[in-house]
Amino acid sequence: MPKKAVSTKSFTLILVRHGEGTHSEHIRKGIRTGRAEWAHLTALGKRQMAWAGKQLKGRTIDLMLISPLVRTQESAAIMQRYVKPKKVI
């Protein structure tokens with residue numbers, strides 16, 4: 001009977017949410033925004049992403065997955081000032 005292959009390689013999964021978006025003000029007022037594909041990062045959101053990037057600086061990032069939403073694209077661009085993923089999707 002063949003032996004089952006066992007991988008000894010481990011990995012670390014790091015999840016980072018996008019920074020605060022311009023739609024947040026609407027949410028605070030109770031206005032539903034749905035997916036808010038149009039929302040950009042606020043000044044606070046940009047600072048949040050710079051902070052997150054600095055926290056990950058020096059770590060090996062094999063893969064960065066980014067949604068097509070504007071605020072997530074902006075978030076990823078800021079983070080990539082500090083980390084250099086091997087692959088971005």
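Positions are given from 1 along the sequence.
Here L13 sits in one hydrophobic cluster together with F11, L15; the rule is ILVMFWY side chains under 4.5 Å apart, joined directly or through other members.
Here the shortest heavy-atom pairing between V16 and A52 reads CG1-CB, 4.3 Å. Here the closest heavy-atom approach between residue Y82 and residue K57 is recorded as O-CG, 3.6 Å. Contact detail for G19 and S75: the closest heavy-atom pair is N-OG, 3.2 Å.
Of the possible donor and acceptor atoms, none in the side chain of E20 sits under 3.5 Å from a partner among the backbone N and O of T42. A donor-acceptor contact shorter than 3.5 Å links the side chain of T72 to the backbone of S67. Between the side chain of K84 and the main chain of Q80, a donor-acceptor pair closer than 3.5 Å is present.
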Self-check item: Verdict with reasoning, I78 to K46, per side-chain contact (heavy atoms from CB on, under 4.5 Å)
Solution: CA-CA 7 Å; I78 293 169; K46 292 174 183 177; 3.8 Å; yes
Quiz item: Under the side-chain contact (heavy atoms from CB on, under 4.5 Å) criterion, do Q73 and I66 qualify, and how do the steps go?
Solution: CA-CA 7 Å; Q73 295 289 320; I66 309 164; 3.4 Å; yes
Quiz prompt | Full working for side-chain contact (heavy atoms from CB on, under 4.5 Å) between R71 and T22 | solution = CA-CA 9 Å; R71 64 186 175 273; T22 53; over 6 Å; no
Exercise. Run the numbers on Q48 and L41 for side-chain contact (heavy atoms from CB on, under 4.5 Å), then give the verdict.
Key: CA-CA 10 Å; Q48 291 169 334; L41 290 179; over 6 Å; no
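Here the CE-CD distance, from M79 to Q55, works out to 9.5 Å after rounding to the nearest 0.5 Å.
Connection of L56 to W51 is not established within any shared hydrophobic cluster, with ILVMFWY side chains joined at heavy-atom distances below 4.5 Å, either directly or through further cluster members. Cluster membership check: M49 shares its hydrophobic cluster with I61, using side-chain heavy-atom separations under 4.5 Å among Ile, Leu, Val, Met, Phe, Trp and Tyr.
Under the side chain to side chain contact (heavy atoms under 4.5 Å, CB included) criterion, L65 pairs with L63, I89, sequence neighbours left out.
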